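Beneath this line is the structure, given in structure tokens, with notes to follow.
Values in this document were obtained by computation on a predicted structure and should not be read as measured data. Index from 1, following the sequence. Read the numbers this way: they start at 1 and go in the same order the structure lists the ligands and their atoms.
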Amino acid sequence: METEKLYYVDQFIQEFPATVLSCEAGKNGYQVVLDCTAFYPEGGGQPADHGTLGSVHVTDVHEKDGVIFHTCDGPVEIGQMVNGRIDWARRFDHMQQHSGEHIISGILCADYHCDNVGFHLGAETVTIDYNADISWEQALDAERKANEVIWADQEVEIAYPDSEELAFIDYRSKKELTGQVRIVTFPEADCCACCGTHVARAGQVGLIKVLSCQKFREGVRLEIICGKRALDYLGRTYDQAKAIGQQLSVKPQDTLAAVERLEAELSAAKVRMAHLEETAFEAIARENEGRGDVLLFQPAMKGDSVRKLADAVAKRAGGLAAVFAGEDGQYAYALVQADGQDISPLVKDLNKALNGRGGGRNGFAQGSVQAEETVIREFFSK
Ligand SMILES: [Zn+2]
């Protein structure tokens with residue numbers, strides 16, 4: 001016997017009494033069949049409702065041959081009346097997303113003569129695929145039109161036309177339909193065959209925000225959010241912009257310009273630092289003019305800087321320049337042999353003696369060691 005679908009009688013039923021027809025233990029819990037239900041089963045891109053049947057939780061709902069199976073975390077007594085209660089926050093969110101999807105899809109498919117070829121109502125966002133190349137500006141134009149439809153707040157019409165009437169209705173559909181067809185109409189926006197649950201008036205969608213529009217297969221994939229989800233998302237995004245603005249002493253809507261200024265300052269500082277480093281390294285190199293082999297200890301700096309200093313010193317001193325940059329116990333090193341002679345045996349010994357790693361060729365080596373300054377000095381004194 002098919003289950004009576006109360007969500008088609010009234011999509012706003014949140015609580016209902018029903019009789020338990022069967023209850024069987026399965027691998028994911030108990031499969032419960034009722035004489036009637038307001039629990040929407042997964043279908044048409046819309047996820048299943050959650051909620052409770054008496055004292056047990058309904059964690060999934062699916063339909064097979066007109067019979068609706070409620071997956072429950074405990075058993076209910078067969079033949080007894082049970083009170084069903086829908087997790088309304090979850091369901092209403094699904095209704096806001098699904099209805100919002102219809103409104104913007106109706107507008108886009110009419111404006112760009114395309115079809116909606118994919119729909120996924122996810123936990124975070126809703127993705128919709130269209131077989132047309134739609135630009136970001138066009139998506140934003142559809143967003144504006146969709147929100148105007150929401151604010152006009154017209155009643156949503158749901159009809160079950162017979163096949164003769166259906167022939168005269170221009171409606172969207174993802175597939176060839178057989179049997180009873182349910183037509184959901186958002187006046188001024190969309191007319192579509194759909195089995196999902198929808199808001200009663202367009203205004204209940206609240207708000208539509210397009211998040212992205214990316215090339216996908218033969219067209220684009222649009223990512224949208226509606227209703228409370230959109231408000232929550234925009235709220236979190238605003239909080240972040242506000243916090244960034246406080247750090248930069250600007251208003252939340254002026255953070256981009258402030259970050260661009262910061263980036264320009266940082267680039268200029270890097271260029272200035274490179275110049276200063278060059279001058280400082282040249283001064284250190286001059287101090288070691290003609291000294292031959294030189295061992296230097298420096299504060300921590302980037303590997304590239306260690307190499308540059310070793311290079312400058314080797315050139316002036318004329319021998320092997322060994323630069324160790326870091327703190328006691330942990331150093332980055334660069335070795336440069338002025339005449340380009342092979343230093344690989346030395347590097348091998350160094351890594352072994354000083355717990356290091358690294359290497360190089362043609363009179364140059366770079367790496368790191370884990371050793372105390374005194375141990376390093378001792379190694380080079382030999
Ligand atoms: Zn639909």
Side-chain angles (χ1 to χ4, degrees), residues 5-13 38-49 61-63 68 86 90-112 114-132 134 139 142-143 145-147 149-150 154-161 166 169-210 219-230:
K5 297 164 177 171
L6 299 176
Y7 49 85
Y8 284 155
V9 177
D10 178 354
Q11 302 173 106
F12 281 76
I13 293 174
F39 279 91
Y40 180 77
E42 186 185 342
Q46 186 178 325
D49 283 343
V61 186
H62 64 274
E63 180 179 354
I68 294 171
I86 311 293
R90 176 182 162 90
R91 158 70 91 71
F92 190 66
D93 168 62
H94 291 162
M95 283 161 56
Q96 286 189 314
Q97 310 311 316
H98 198 156
S99 294
E101 182 268 321
H102 273 230
I103 293 171
I104 200 160
S105 287
I107 291 166
L108 281 168
C109 292
D111 284 0
Y112 304 104
C114 61
D115 303 307
N116 166 0
V117 291
F119 166 51
H120 176 68
L121 204 175
E124 302 284 330
T125 63
V126 176
T127 55
I128 324 164
D129 303 333
Y130 301 99
N131 54 0
I134 296 165
E143 176 192 281
K145 288 177 179 168
N147 281 301
V149 168
I150 290 170
Q154 294 204 59
E155 202 172 320
V156 181
E157 296 156 12
I158 291 179
Y160 296 87
L166 201 58
I169 302 173
D170 183 17
Y171 65 97
R172 296 190 299 117
S173 174
K174 276 197 213 63
K175 53 191 174 199
E176 210 54 55
L177 299 162
T178 51
Q180 181 68 272
V181 177
R182 184 169 177 262
I183 298 291
V184 179
T185 304
F186 286 84
E188 312 290 333
D190 188 44
C191 179
C192 184
C194 178
C195 59
T197 57
H198 288 275
V199 297
R201 303 186 71 92
Q204 287 175 318
V205 173
L207 172 70
I208 294 185
K209 184 76 197 92
V210 177
V220 293
R221 167 166 286 182
L222 215 67
E223 196 183 11
I224 68 163
I225 42 174
C226 307
K228 183 176 180 293
R229 257 193 218 200

Exercise. S99 side chain to V199 main-chain N or O, any donor-acceptor pair under 3.5 Å?
Worked result: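 Confirmed, S99 side chain pairs with V199 backbone.
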Verify the distance test for [X] against the Zn ion (ligand 1): any N/O/S atom under 2.8 Å, yes or no.
X    : result
H198 : no
C194 : yes
C195 : no

Exercise. According to the interplanar angle, ranging from 0 to 90°, do the rings of Y40 and Y7 count as parallel (below 30°), tilted (30 to 60°) or perpendicular (above 60°)?
Worked result: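 Perpendicular.
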Exercise. Please state the angle at the Zn ion (ligand 1) spanned by NE2 of H102 and NE2 of H98: what is it, rounded to 10 degrees?
Worked result: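 Value, to the nearest 10 degrees: 100°.
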Exercise. Around atom CD of E188, are there more than 12 heavy atoms of other residues, nucleotides or ligands at under 6.0 Å?
Worked result: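 For E188, atom CD is not crowded (no more than 12 foreign heavy atoms under 6.0 Å).
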Exercise. Heavy-atom count around E124 CD within 6.0 Å, excluding the residue itself: above 12?
Worked result: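 No, the 6.0 Å shell around CD holds no more than 12 heavy atoms from other groups.
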